[in-house]
Amino acid sequence: MDNVVEVKNLTKRFGKFTAVSNISFTIKEGEIVGFLGQNGAGKTTTINMLLGLLTPTKGTVRILGHDLSKERSKVLEQMNFSSSYVKMPWRLTVWENLFTYALLYNVKNPKQRIAQLLKIFEIEDLKDKQAGFLSAGQTTRVALSKAFINNPRLVLLDEPTASLDPDIAEKVRDFLKKIQKEEKVTMLFTSHNMAEVEDVCDRVIFIQNGKIIAQDTPAGLAKRIKTSKVRFMMIDGMKRTIEYCKEYKYPYQEDGRYITISVKEHKIAEFINNLAKKGISYSEITIDKPSLEDYFLSQTYENK
Amino acid sequence: MKTNRILAILYRHLVLWRRDFDKIAETFWWPIVDLIVWGFVTIYLQKQTGATAEAVSFFLGGVIFWSVINKSQLDVGMTFLQEAWDRNLINVFASPITKWEFLTATLLLGLIKVILSVIAVGLLAIFLYAFNIFKLGWYFIPFMINLLVMGWWIGIFINGIIIRYGYRVQAFAWTLIFAFQPISAVFYPVSVLPPFLQIVARLTPASYTFEGMRAVLISGTFSLELLLLGSLLNLIYLVLSLLFYSRMFNAAQKHGYLIQFS
């Protein structure tokens, strides 16, 4: 199978408000796709339509070759999702919760599968603890265990590492990359951590005001930003540097002995040369290439 | 219809039921309190009027049978609400379970609790008041089924309303049933009602069941006509409630009401 997800002209209207407007995209088998956008851009509405929780106003969703609207149960048996914003029954223990989902998804050898997942996400010691008494990070790990209980072929992950300690978050990312490689699991991934998206995702779909405005690799999107950040630790000439920035309209940010200036990539050499001509001296210089976060921020500011 | 999904919902709610005193109380406490109160009313009436035990025993029969309707309807709405209160609805309905499988699980859950409740209250009535509901013999079964089905369709209607209107109408799950009590002939015959309410009572399946039960308990006669009329009305309302539930569920998927619960 080539395309695991095929979304065509998907639209969702609530009265006069259009939450998602005529979007189309595909996700190939084994691909991890980041689904990015500001709050209210239409990400959650799209995910809810992919999960069959919301009926589209227009358009079609085909998952694993099946029409979701016609073969909902067949599709959902082979997929799963995790969201840090959805809770589990708080009076049930972690094991009881996972056993419930193992039954719901008809998992063969549920006890064995639960034991595997508890080990992978390092929550074996929590199996008899009631879900309501877990920390935010522990809850996220239980939600991830639930998301992989049925060995899904497609997983929708909404902020999968929210509230996790950095070391556990890294282990989760490693796990996602491992199952992508070994089991060709396809994933749609939302996160506000752009570094994480760059690390994990093969491709990014950027949605704004219910419309897809860009689809590219994380590096490809970052490249669309032509401005780099040049940071100097000044020895002499801070005042002259600021005057120069003001005169030629370079955005800058002063922080004690440091100054960070946004400069178009093709003008960096000329900019540094001109500072030298003015006799400005500095002891350190760092040039930050544009990142996915810069792209995200640029779109956010443009939208405002 | 896949049994594993129905079992999943049953397992999750039975584990919770076993763990929560509230839930155990719902099944046993209130029916037992009702039984004790009406048991003393029965004793009082016997002493005051000199009536035979059989003549006033229908009060106790009414209490036990009313608990069947009440418990069976309660679980249909409460199971859905419990998922909403636990913010777990999205997890459930984003799984392969269908609305019909979920509904079946809630009906079975109600059935399990009704059986437990009737056994407990029935045995207690024998022990405390020497009243044996099981002396209805085989008639006990069709009466029970009719009351159970009435509880189900009321519960299904209420569930549909909750799905559509959300938390603001959640109290219907445990209060709306009492609107049916005065017109169900639980403790008195339909003939004591004012004429317009008699018409309403005749459209309520439980009125036929309670009148039939009273006839068996007091005079030992069984009316097949009452049973069939009650069953026919139940069947009509059950079909209507299922159509209503399906329509409300589809509307919830269209307008996003399910998501709003979480």
Side-chain angles (χ1 to χ4, degrees), chain A residues 12-15 17 19 44-45 47-57 69 71-83 85-93 95-108 110 130-132 139 142-143 146-147 149-150 152 156 158, chain B residues 1-24 78-102 104-105 109 163 246-262:
Chain A
K12 184 66 199 174
R13 288 191 204 101
F14 297 101
F17 173 69
T44 307
T45 305
I47 287 176
N48 284 334
M49 286 193 278
L50 294 184
L51 288 168
L53 292 166
L54 204 54
T55 314
T57 308
S69 65
E71 297 174 277
R72 182 187 163 276
S73 291
K74 200 171 188 175
V75 170
L76 291 173
E77 266 176 4
Q78 301 176 74
M79 61 187 279
N80 210 320
F81 91 106
S82 152
S83 167
Y85 308 108
V86 177
K87 303 285 176 232
M88 287 193 192
W90 68 279
R91 292 280 279 130
L92 264 60
T93 66
W95 193 92
E96 287 162 348
N97 266 306
L98 292 176
F99 188 68
T100 303
Y101 289 102
L103 285 174
L104 267 177
Y105 285 91
N106 202 18
V107 174
K108 309 287 172 226
Q130 290 184 14
T139 304
V142 176
K146 175 251 160 198
I149 192 106
N150 56 330
L156 311 184
D158 189 8
Chain B
M1 192 89 67
K2 292 271 178 81
T3 44
N4 61 293
R5 296 173 201 152
I6 296 168
L7 282 175
I9 302 299
L10 283 178
Y11 169 79
R12 172 254 193 278
H13 286 275
L14 286 174
V15 168
L16 186 66
W17 177 79
R18 197 189 59 191
R19 194 160 290 155
D20 257 356
F21 177 74
D22 279 5
K23 310 245 172 264
I24 293 176
M78 289 295 273
T79 306
F80 180 87
L81 277 173
Q82 188 66 54
E83 299 295 0
W85 292 331
D86 284 347
R87 293 175 64 196
N88 189 44
L89 268 184
I90 288 182
N91 278 328
V92 171
F93 287 111
S95 81
I97 199 165
T98 65
K99 62 187 170 202
W100 300 118
E101 287 162 348
F102 184 81
T104 305
L109 204 60
I163 289 170
S246 181
R247 204 180 160 89
M248 290 300 107
F249 199 93
N250 293 345
Q253 283 181 309
K254 188 178 171 191
H255 300 290
Y257 305 140
L258 274 183
I259 299 151
Q260 284 168 17
F261 275 102
S262 291

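Lettering follows sequence order; numbering is per chain, from 1.
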As an exercise, state the distance from [atom1] of [X] to [atom2] of [Y], rounded to the nearest 0.5 Å.
X        : Y        : atom1 : atom2 : answer
A/Leu104 : B/Glu101 : CG    : CD    : 9.0 Å
A/Lys12  : B/Lys254 : NZ    : NZ    : 7.5 Å
A/Tyr105 : B/Asn4   : OH    : CG    : 12.0 Å

Contact origin within [X] toward chain B - heavy atom pairs under 4.5 Å:
X        : answer
A/Lys74  : neither
A/Asn106 : both
A/Glu71  : neither
A/Thr45  : neither

Review point. Would a distance-only check, ignoring hydrogens and angles, find a side-chain to backbone donor-acceptor pair under 3.5 Å from A/Thr100 to B/Ala8?
Key: no

Exercise for review: For A/Glu96 and B/Tyr11, run side chain to side chain contact (heavy atoms under 4.5 Å, CB included): C-alpha distance rounded to whole Å, both residues' side-chain angles, the deciding distance at 0.1 Å, then the answer.
Suggested key: CA-CA 9 Å; A/Glu96 287 162 348; B/Tyr11 169 79; 3.4 Å; yes

**Study point:** Region of B/Ile259 in contact with chain A, defined by heavy-atom distances below 4.5 Å
**Key:** side chain

Check your understanding: Highest number of heavy-atom pairs under 4.5 Å with chain B: which of A/Asn150, A/Leu51, A/Leu53, A/Val86?
Key -> A/Leu53

Review point. Can you name the nearest heavy-atom pair linking B/Phe93 to A/Arg72, along with the distance?
Key: O-NH2, 2.6 Å

Point to revise | pair B/Arg5-A/Glu77: side-chain heavy atoms closer than 4.5 Å | key: yes

